[in-house]
Protein chains: 2
Amino acid sequence: MTTIKDVARAAGFSVTTVSRALNGHDDVNPETRRRIREVAEKLGYSPNIAARTLVSKKSRTLGLLLSALTRSSVKDNIVFEMLCGMNDRAAELDYDLVLFNTTPQKQRQKSYKALCKERGVDGVIMMGMRLDDPYLEEMLHASIPCVLIDIPIERKKNIGYVMTDNVQGAMDAVNHLIALGHRHIGMINGHAQAAVSIRRLEGYRKALERHGIPFNERYVEDGAFREDGGKEAAFRLLTSCPELTAIFCASDLMALGALQAIRALGKRVPEDISIVGFDNIVAAQYCTPALTTVNQDKYQMGYLAAAVLIDMLEGRQVQRYRVMPAELIVRDSTGPVRGS
Amino acid sequence: MTTIKDVARAAGFSVTTVSRALNGHDDVNPETRRRIREVAEKLGYSPNIAARTLVSKKSRTLGLLLSALTRSSVKDNIVFEMLCGMNDRAAELDYDLVLFNTTPQKQRQKSYKALCKERGVDGVIMMGMRLDDPYLEEMLHASIPCVLIDIPIERKKNIGYVMTDNVQGAMDAVNHLIALGHRHIGMINGHAQAAVSIRRLEGYRKALERHGIPFNERYVEDGAFREDGGKEAAFRLLTSCPELTAIFCASDLMALGALQAIRALGKRVPEDISIVGFDNIVAAQYCTPALTTVNQDKYQMGYLAAAVLIDMLEGRQVQRYRVMPAELIVRDSTGPVRGS
DNA sequence: GCAGTTATCCGAAACGTTTCGGATGATCTG
DNA sequence: CAGATCATCCGAAACGTTTCGGATAACTGC
């Protein structure tokens, strides 16, 4: 409850001087500054952020728009791991994170700009957004700096992004399968409204192409990035294309679903069918067989997102677009093609 | 950038009336209110939260003190799942969540009160705190409402808590082992500075006692709630007490570690050793053998924590202390004692 | 017709900061 | 020693809201 006025009175200086002393301005006598610091400390003074924000227009707060912060995203710990990274970088630079809770109903009521302005956030990190999310379009017309995760948009100065090299990752995954002798390789993709789906499909095609294997669109099904979606997609794929010996999944969660489907069909992994996932979620290393997958450095992505955003906010020279390398992790769900 | 003044000017009313109209006070003509709403809408007005907070002393913001928001807590998705619950309830009641990023260094610099006052949060949810965390003591002397997760403190009016019935859960787990014929049951606990450890140990002892099995303190080791800690504890336990046929672990993560240790010792689960975990983390159902464990409804705990806190804030009659039932989930890591 | 209600509105203060534009002496310059 | 420079300080305005304490005019009851 101590305000700057209390400190000023107790220290025998004006409010102005106290403010300038505490904020490190240089037109204040060192001895005065020491004295003021001392008094402020003794009184347990800490500035009121609301007042400061009101006048300075800076809140040292980052808004997080996580459309994936739902019960269903609990299984893949991706969002959480990114959150940890963001939180760490924000802490280092003394920023706070506020979680915007947006549900589809709320979005209709409140525009992106209103959301940001109300809360007075300096910048925004968006993740888990579909390409057709209305907020994405609104964001493009707003002046608030924003860093996107997994959505590469390079149209504006105040927008940055962080994503994994999905094309490379998918290529690595499929090359691995090809190296094992597989020629009939299916793919379970997410959905059309995800930038990563497009990239991963591209990597899949490129890898096939490079080895002279024709692309067959019957071999690709969408699984909506969900476990049950992956299961159903695997069912469809394996029943309609029995020649398949391997499946590349655009997410580990879908791969886990595929594993179930394969088991239900009485086949074995990797003896009958090889499976590669993407993301390297925690469950991937514990499931049986342990999943061969493409690792994304989720923590680092979150960390970078926060870092890039804050650099932008503080006017530092930044590399606004960051693409992280993907890394194939070979475990037990892939093996040589049967009969080879 | 439109302020309330712009709306007032455009609508031809005073700032006071606009404020009262928009905030639903009743001394404003329905027609006036309609007109003002219309103008506000057209101008895209949304109130500045900082200004509002400054005068009203309410920010509709909850502070989250998550000491466990670190890279190491990624594997157990507990924090994240609770976060989802909190976020959902907060969204329903139109509150926002701010993540306090506190590192041990920062804690020395900034007191709990300062943290809360600065950010102007109305209330706080604390989780993952050790009983000897300095913030816990500071919190007790602060006037800000707080809900604790997994720390049952009933000393003050403005403090609530949410926790699982750990005693019951642990008893269920151990009873299950006893029913399978086990008599020499070890326990891998967390650490002394966690309320849940104390409770789970209590449940373990009670279950033994009820069946006339003497408590043997050599059978209990701490694993610090970490996977490697669990692994080491299991090593110690199984080498120094070869008569053990079952181990109850105070967390699934430690149980996963124990599984590794047992495998390394050339024994099988559940044929040689039965294992029960606690928490029901995601990996528990994917590991081999799938882990028998005690489920905590983490989402619901988070949801309730936010609900209780907001109820307190808004002066509603609340049940401040909530204990959630635990539920034993039997999977494949437990079986009848060998030779029985 | 008059005091008392009632419905509706508004001016101005207050919240706790930061910052602009100076003010005051002291010190330097030549 | 006059004028300029410098170090240090401060008064007051501004930020965008809410709310207290009225003000005005119309209506009520007798």
Side-chain angles (χ1 to χ4, degrees), chain A residues 1-37 39-40 43-61 94 96 113-122, chain B residues 1-37 39-40 43-61 94 96 113-122:
Chain A
M1 301 293 156
T2 25
T3 75
I4 199 171
K5 282 182 196 164
D6 300 324
V7 177
R9 205 173 310 122
F13 290 95
S14 76
V15 166
T16 303
T17 303
V18 173
S19 174
R20 300 186 73 78
L22 260 21
N23 289 315
H25 293 236
D26 53 1
D27 62 344
V28 28
N29 188 298
E31 170 57 23
T32 305
R33 190 194 305 275
R34 200 195 53 70
R35 172 94 186 103
I36 288 177
R37 283 236 181 87
V39 172
L43 264 47
Y45 168 74
S46 70
N48 179 309
I49 299 266
R52 172 179 287 177
T53 301
L54 184 59
V55 34
S56 72
K57 310 280 177 210
K58 302 276 174 210
S59 60
R60 292 193 85 82
T61 301
D94 212 29
D96 274 318
K113 274 186 214 173
L115 194 70
C116 297
K117 215 204 63 185
E118 272 192 21
R119 277 291 154 188
V121 298
D122 297 342
Chain B
M1 301 294 157
T2 28
T3 75
I4 198 170
K5 281 183 198 165
D6 300 324
V7 178
R9 205 173 309 122
F13 289 95
S14 75
V15 166
T16 304
T17 303
V18 173
S19 173
R20 301 185 72 79
L22 259 21
N23 289 315
H25 292 236
D26 52 3
D27 62 344
V28 27
N29 188 298
E31 171 56 23
T32 305
R33 190 192 307 273
R34 199 195 53 70
R35 173 94 187 101
I36 288 176
R37 283 236 180 87
V39 172
L43 265 47
Y45 168 74
S46 70
N48 179 309
I49 298 267
R52 173 179 286 177
T53 300
L54 185 57
V55 35
S56 73
K57 310 284 178 207
K58 303 276 173 210
S59 60
R60 292 193 85 82
T61 300
D94 213 30
D96 275 319
K113 275 186 216 176
L115 194 71
C116 299
K117 214 203 62 184
E118 271 193 21
R119 276 292 154 189
V121 297
D122 297 341

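Chain identifiers are assigned alphabetically (A, B, ...) following the order of the sequence lines, protein sequences preceding nucleic acid strands; residue numbering begins at 1 within each chain.
Thr32(B) has a side-chain polar atom (N or O) that falls below the 4.0 Å cut-off from OP1 or OP2 of dC9(C). The side chain of Ser14(A) places an N or O atom within less than 4.0 Å of a non-bridging phosphate oxygen (OP1 or OP2) of dC10(D). Between Ser19(B) and dT17(D), a side-chain N or O to OP1/OP2 separation shorter than 4.0 Å is absent.
How far CZ of Phe13(A) is from CD1 of Ile36(A): 5.5 Å, rounded to the nearest 0.5 Å.
Between the axis at the start and the axis at the end of the helix from dG1(C)-dC30(D) to dG30(C)-dC1(D) there is an angle of 40°, using five pairs per end and rounding to 10 degrees.
Look at CD1 on Ile4(A): it is 8 Å from C1' on dT18(C), rounded to the nearest Å. Regarding Asp26(B), its CG atom lies at a distance of 13 Å from the P atom of dT19(D), rounded to whole Å. Residue Arg60(B) contributes atom CZ, which lies 17 Å from atom P of dT17(D) at whole-angstrom precision. Atom NE2 of His25(B) and atom P of dT18(D) are 8 Å apart (whole Å). The distance from atom NZ of Lys5(A) to atom P of dG11(D) is 13 Å, rounded to the nearest whole Å. In this entry the distance linking CZ of Arg9(A) with C1' of dC10(D) reads 16 Å, nearest Å. For the pair Leu43(B) CG and dG16(D) P, the computed distance is 14 Å after rounding to whole Å. Computed from coordinates, the Asp6(B) CG to dT17(D) C1' distance equals 13 Å when rounded to whole Å.
Between Pro30(A) and Asn23(B), the residue whose closest nucleotide on DNA chain D is further toward the 5' end is Pro30(A). Nearest-nucleotide positions on DNA chain C place Thr16(A) closer to the 5' end than the other of Asp27(A) and Thr16(A). Take the nearest nucleotide of DNA chain C for Arg20(A) and for Arg20(B): the residue whose nucleotide is more 5' is Arg20(B).
A side-chain donor-acceptor contact under 3.5 Å links Ser59(B) to the backbone of Gly120(B). Proximity of a side-chain donor or acceptor of Asp122(A) to a complementary backbone N or O of Arg60(A) within less than 3.5 Å is detected. Side chain of Thr2(A) to main chain of Leu43(A): a donor-acceptor pair is present (N/O by atom type, distance under 3.5 Å, no hydrogens or angles). Judged by distance alone, the side chain of Arg33(B) and the main-chain N or O of Asp26(B) form no donor-acceptor pair under 3.5 Å.
Scanning atom types as modelled, no donor and acceptor separated by under 3.5 angstrom connect the side chain of Asn29(B) and the base of dC9(C). Between the side chain of Thr17(A) and the base of dT8(D), no donor-acceptor pair under 3.5 Å is found.
Side-chain contact between Arg34(A) and Arg37(A) is absent, with no heavy atoms from C-beta onward closer than 4.5 Å. No side-chain heavy atom of Thr3(A) sits less than 4.5 Å from a side-chain heavy atom of Asn48(A).
For the segment residues 45-58 of chain A, residues with any heavy atom less than 4.0 angstrom from an atom of DNA chain D are, sorted by number, Leu54(A), Val55(A), Lys57(A).
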side-chain contact (heavy atoms from CB on, under 4.5 Å) evaluation trace for Tyr45(A) with Leu22(A): CA-CA 11 Å; Tyr45(A) 168 74; Leu22(A) 260 21; 3.8 Å; yes
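Ala8(B) and Val18(B) make their closest contact through CA-CG2, 3.6 Å (heavy atoms, listed as atom of the first residue, atom of the second, distance). Heavy atoms only, all atoms of each residue included: Arg35(A) and Ala10(A) are closest at NH2-O, 4.0 Å.
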